Peer 1: 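Here it is: the structure, laid out below.
What you see is a predicted model, and the numbers here were worked out from it, not measured in a lab.
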Amino acid sequence: MSTETNIHYESRLAKLKTLQEKGYNPYPYKFEPNAFAADLQEKYKDLETGADTEDRVTIAGRAMAVRNSGMFIDLKDKSGKIQVFCHKNHLPEADLELLKCLDVGDIVGVSGYIRRTPRGELSVAAEKFDIIAKSLQPLPEKFHGLTDVEARYRQRYVDFIMNDDSKEIYKKRCQITSAIRRYFEEHGFLEVETPMLHPIMGGANAKPFITHHNALDMDLYLRIAPELYLKRLIVGGFDKVFEIGRNFRNEGIDKSHNPEFTALEAYQAYADYNTMADLIPDLLAYVAKSVLGTTVVNYNGHEIDLGKPFARKSIVDLVKEYAGIDLMQAQTVEEAQAMAKSAGVDASGCTSWGKVVQEVFDQKVEHNLIDPILVMDMPKDVSPLAKTHRSNPRLVEHFDAYVGGMEMGCAYSELSNPLEQRQRFEAQAAAREAGDEEAQMFDADFVTALENGFPPSGGMGMGIDRLAIFLTGAETIRDVIAFPTLRKKD
RNA sequence: GGGCCCGUAGCUCAGUCGGUAGAGCAUUUGACUUUUAAUCAAAGGGUCAUGGGUUCGAAUCCCGUCGGGCUCACCA
């Protein structure tokens with residue numbers, strides 16, 4: 001961990017003072033480059049070794065390496081890297097003096113002409129050199145870089161400076177969000193914002209963060225999902241809406257879970273989950289194509305083509321296929337648990353038929369779902385906000401989308417009957433009463449909203465961080481979040 | 001939260017059986033000057049995460065605490 005008292009800091013501070021004593025400001029207001037490293041590398045890729053040009057450019061970036069006492073500087077800007085060549089023959093005396101105060105990590109601005117050195121390195125031969133941000137902290141060693149996992153996340157800016165992979169993954173993640181926005185806007189959806197402070201938590205089963213509003217003297221939950229508010233907008237006549245935003249869940253942290261994560265939810269009136277079953281694969285293919293340039297994704301050694309139609313199978317059929325038991329034959333929890341046991345799954349903790357189905361699915365099926373698939377028709381009791389299945393009252397019209405063995409998103413035919421919604425909430429409240437901390441709370445105003453007339457609608461949700469993991473091949477959710485949650489250091 | 005493992009210089013890492021704290025890069029000084037992890041010479045840099053214990057003596061052994069990793073549970 002860097003401190004303010006190490007020898008590097010002292011040395012850099014002394015150089016900063018030297019600069020200031022000379023009347024030089026190493027923290028100017030503005031500097032305008034007119035070229036970027038990657039563009040220059042491309043434009044001059046055929047320039048012969050040893051050749052000079054008359055072409056003059058101004059570039060700016062971080063000095064990543066300094067050789068021969070400043071004669072050669074590797075400059076890195078947002079686009080890439082280019083060498084700066086500082087020779088006394090082309091540089092004013094004052095600028096040569098500046099080089100004595102240059103450290104690796106400083107941000108510099110350089111004007112000069114393009115040449116390719118005899119060793120074949122495209123360079124800007126400096127005719128004007130400036131330090132435009134003096135860095136007081138040493139950069140990690142150039143060869144190994146910053147590899148300490150903790151340091152990488154605690155000082156993510158250093159990680160991004162040193163590790164191009166980290167930067168590339170985060171950049172792609174941002175492009176994914178952008179592509180999702182574009183997709184929905186192109187399809188007539190309105191991007192909306194709904195509260196993150198909820199008086200009643202709803203829309204998902206999860207443990208919440210609780211905070212307090214002083215003036216109202218009221219506890220509030222950081223939202224676990226925006227669903228119930230987005231549906232209120234559908235009632236209000238916004239027929240196609242989507243929201244991209246943070247959800248907060250007070251649960252464990254691991255490779256695929258961060259306490260705050262970004263979710264997409266979209267709702268479309270006069271549609272059902274079949275509409276969403278068409279939309280989700282289309283969306284995923286669009287995003288992959290936008291960000292990766294192809295629908296074919298290599299993930300964990302598997303080649304997955306998001307451009308092909310997604311399989312659709314019911315969860316009960318999948319359980320039958322992978323666990324060899326037909327849970328539709330079980331009428332009670334006990335029968336279902338017995339069947340689960342015969343398939344080697346301990347479902348003794350499950351309090352309902354649906355939870356047994358879910359448990360067997362989690363243990364026997366989920367990890368096998370590498371190719372994209374929509375797992376259709378969930379048990380009713382695990383999904384209190386979806387419409388009862390039109391052909392089976394034990395199920396709801398709810399599917400989960402799996403890609404690469406990860407649950408990527410879900411969709412429902414949204415429950416629109418206020419009376420049924422009230423009953424489902426009552427069942428959840430009873431489960432909550434019985435000790436199920438994650439059962440949903442009764443939201444009376446939401447029921448009132450439905451009583452005002454909620455059109456038949458399809459809705460979907462997707463975890464953007466997980467999608468980013470899948471599309472970038474990131475090893476952990478921390479790599480697709482700029483500043484992942486960490487324990488306080490002190 | 002449970003189990004296992006880790007924490008030594010700014011960074012990347014050695015440190016044997018418990019016996020004076022090490023290297024490379026980085027820094028400083030000097031040399032060199034069309035280098036590519038530039039090179040050469042020299043110097044400086046440490047509360048060995050932290051607090052206790054055992055011991056003549058602890059980076060090393062034991063216990064607590066803090067932080068991290070893996071994993072299980074919970075979960076998207």
Peer 1: Just compare B:C74, B:U34, B:U28 and give me whichever is closest to any side-chain atom of A:Met71.
Peer 2: B:U34
Peer 1: When both hydrogen-bonding distances must be under 3.5 Å and the geometry is Watson-Crick or G-U wobble, what is B:C25 paired with, if anything?
Peer 2: B:G10
Peer 1: Nearest to the A:Arg487 side chain among B:G68, B:U27, B:G44, which nucleotide is it?
Peer 2: B:G68
Peer 1: Both distances under 3.5 Å, Watson-Crick or G-U wobble: report the partner of B:C40, or none.
Peer 2: B:G30
Peer 1: Between A:Arg62 and A:Gly105, is there a donor-acceptor pair closer than 3.5 Å when you use the side chain of the first and the backbone of the second?
Peer 2: yes
Peer 1: Would you indicate which nucleotide in B:C11, B:G44, B:U27 comes nearest to any side-chain atom of A:Asp103?
Peer 2: B:U27
Peer 1: Counting neighbours of NZ on A:Lys81 that are heavy atoms of other residues, nucleotides or ligands and sit closer than 6.0 Å, is the number greater than 12?
Peer 2: no
Peer 1: For B:G1, which nucleotide is its Watson-Crick or G-U wobble mate, given both distances must be under 3.5 Å?
Peer 2: B:C72
Peer 1: Please tell me which of the listed nucleotides, B:U12, B:G44, B:C74, lies nearest to the side chain of A:Asp148?
Peer 2: B:U12
Peer 1: Could you check whether A:Arg12 makes a cation-pi contact with A:Tyr9, meaning its NZ or CZ is under 6.0 Å from the centre of the six-membered ring and within 45° of the ring axis?
Peer 2: no
Peer 1: Checking base pairs now: Watson-Crick or wobble, both atom distances under 3.5 Å. What partners B:U16?
Peer 2: none
Peer 1: Counting heavy atoms from C-beta on, name the nucleotide in B:C11, B:U34, B:U27 closest to the side chain of A:Glu141.
Peer 2: B:C11
Peer 1: Of the nucleotides B:U28, B:G69, B:U12, which one has an atom closest to the side chain of A:Thr147?
Peer 2: B:U12
Peer 1: Base, sugar-phosphate or nothing for A:Gly145? Non-hydrogen atoms, less than 4.0 Å.
Peer 2: sugar-phosphate
Peer 1: Just to be sure I understand the rule, does A:Lys255 reach a base, reach only the sugar-phosphate, or reach nothing, if contact means heavy atoms closer than 4.0 Å?
Peer 2: sugar-phosphate
Peer 1: Strictly below 4.0 Å: does A:Thr117 bring a side-chain N or O up to OP1 or OP2 of B:U34?
Peer 2: no
Peer 1: Among the candidates B:U27, B:A38, B:C25, find the nucleotide nearest to the side-chain atoms of A:His8.
Peer 2: B:U27
Peer 1: Check every atom of B:G45, B:U71, B:A38 against the side chain of A:Ala65 and return the nucleotide holding the closest atom.
Peer 2: B:A38
Peer 1: Return the nearest nucleotide to the side chain of A:Pro138; candidates are B:G10, B:U28, B:C13.
Peer 2: B:G10
Peer 1: Which nucleotide in the set B:U36, B:G68, B:C11 lies at the smallest distance from any side-chain heavy atom of A:Pro140?
Peer 2: B:C11
